[in-house]
Chemist: 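There's a structure below that I have some questions on.
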Amino acid sequence: MDCALLLLSLWALTGTVSPQAPGSCTERLLGEERSRTCPRPCKADRDCGNKRQCLCDGQCGLSCVAPEAQSPEEPAAVQTCPLPEEIINTFSIQGDATAGTAIRYSCLSGADIVGNSENFCQDNQTWQYPHPICKKAYCQPPGEVAQGYVVAVQKTEYEVGFDIHYLCKKNFLLDGPQKVTCLSNGNWSASPPYCRARCLIPAERSRVVIGGVKRWPFDVTDAVVPHGENVTFYCKHPRKQCSFAASKTCFDGKLQPPACYLEPTWLQYKLFPHRLVSEIEACEPDDVE
Ligand SMILES: *[C@@H]1O[C@H](CO)[C@@H](O)[C@H](O)[C@H]1NC(C)=O
Ligand SMILES: *[C@@H]1O[C@H](CO)[C@@H](O)[C@H](O)[C@H]1NC(C)=O
Ligand SMILES: *[C@@H]1O[C@H](CO)[C@@H](O)[C@H](O)[C@H]1NC(C)=O
């Protein structure tokens, strides 16, 4: 028995397929979407190899189909609705687009959806609704920075990927990002930075330790330290003739001396410079509790 005869006898057994004359078959609906889900187009059986036949396949028109796939009782191929490449590249899709099921879209960019975020794949392999779109994101102008500058062209909105740089005025230290980028969710990559003020060293007649160096405040340029700098002061032991160290950190222009610190008087400084607390012996570790 040759192949065609075998197939003919299969049709006879199932009795469900009534091959249509090629002339009465609809033209294949062209376009990206149909080519994805339709079998190979054909004009005659010889275009289809020996397992398939050139038959009319609904909206696909004449196609190479396995004869049993035509039987309504046992569909061989799962029916799905088309998902164009552009949609797959734009959305994360929940669901497998099978006929009779729903899918959910979410924008890969994190942007909001315009349209239906859910769709239903109908039995005739068409979607119930048009595919939604992802809202094009823009960032609002970023925050101003006190004592600083926003380095960017002024706009009412900024496109995704746009960078904005920040600078601080002289003597202010940037605390935070130097640059922020407009993200695809419409947010900036970070909050604006702060421009932090320097601190005046709150001591005059004592040496202090700044950056590991013990020095007189008047020897420090402008007698100031940058934001974030630690300053170590010397305090006198309440009972013994020795000193211990106490540190404070400059924060945005504010630097309080530690409570134990006493500023020497002008006379003490002038007459007994070697007895200043910052100049006497350090207490033994045991003395300081
Ligand atoms: C598919 O089915 C739906 C609902 O049954 C119908 O509204 C729509 O017109 C059909 N589309 C095609 C192309 O047959
Ligand atoms: C954008 O930033 C705000 C504030 O930090 C946050 O509440 C919001 O969730 C962010 N938006 C997105 C889409 O991530
Ligand atoms: C200041 O001291 C703190 C801890 O006491 C330390 O974490 C910080 O790094 C110090 N800052 C500088 C500028 O040395």
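All ligand and atom numbering here is 1-based and tracks the order in the structure. Note: hydrogens, waters and symmetry copies are ignored here, and every other heavy atom, side chains too, is used. The shown structure was predicted, so the numbers you read here are calculated from the model rather than taken from an experiment.
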Chemist: What protein heavy atom is closest to atom 8 (C) of ligand 3, reported as residue, atom name and distance in Å?
Modeler: Asn230 ND2, 3.6 Å

Chemist: Look at the aromatic rings of Phe218 and Trp216 and report parallel, tilted or perpendicular, splitting at 30° and 60°.
Modeler: parallel

Chemist: What protein heavy atom sits nearest atom 13 (C) of ligand 3, and how far away is it?
Modeler: Gly228 O, 3.4 Å

Chemist: Looking at Glu229, which atoms of ligand 3 are within less than 4.0 Å of one of its heavy atoms?
Modeler: 13 (C)

Chemist: Let's test your reading of the model: do Cys182 and Cys139 have SG atoms under 2.5 angstrom apart?
Modeler: yes

Chemist: Write out the residue and atom name of the closest protein heavy atom to atom 7 (O) of ligand 1, then the distance separating them to 0.1 Å.
Modeler: Gln122 OE1, 4.5 Å

Chemist: Would Cys42 and Cys64 count as a disulfide (SG to SG under 2.5 Å) if you check the C-alpha gap in whole Å, the side-chain angles of each, and the deciding distance to 0.1 Å?
Modeler: CA-CA 6 Å; Cys42 57; Cys64 290; 4.0 Å; no

Chemist: Counting only non-hydrogen atoms of the protein, does one fall under 4.0 Å from atom 11 (N) of ligand 3?
Modeler: yes

Chemist: Is the positively charged end of Lys136 above the ring of Tyr138, judged by distance under 6.0 angstrom from the centroid and angle within 45° of the axis?
Modeler: yes

Chemist: Any protein heavy atom sitting closer than 4.0 Å to atom 4 (C) of ligand 3?
Modeler: no

Chemist: Looking at Arg40 and Asp47, is any side-chain nitrogen of the basic one under 4.0 Å from a carboxylate oxygen of the acidic one?
Modeler: no

Chemist: Hey, does the side chain of Lys240 reach the backbone of Glu284 with a donor-acceptor pair shorter than 3.5 angstrom?
Modeler: no

Chemist: Identify, for atom 6 (C) of ligand 1, the protein heavy atom at the shortest distance, and state residue, atom and that distance.
Modeler: Asn124 ND2, 4.1 Å

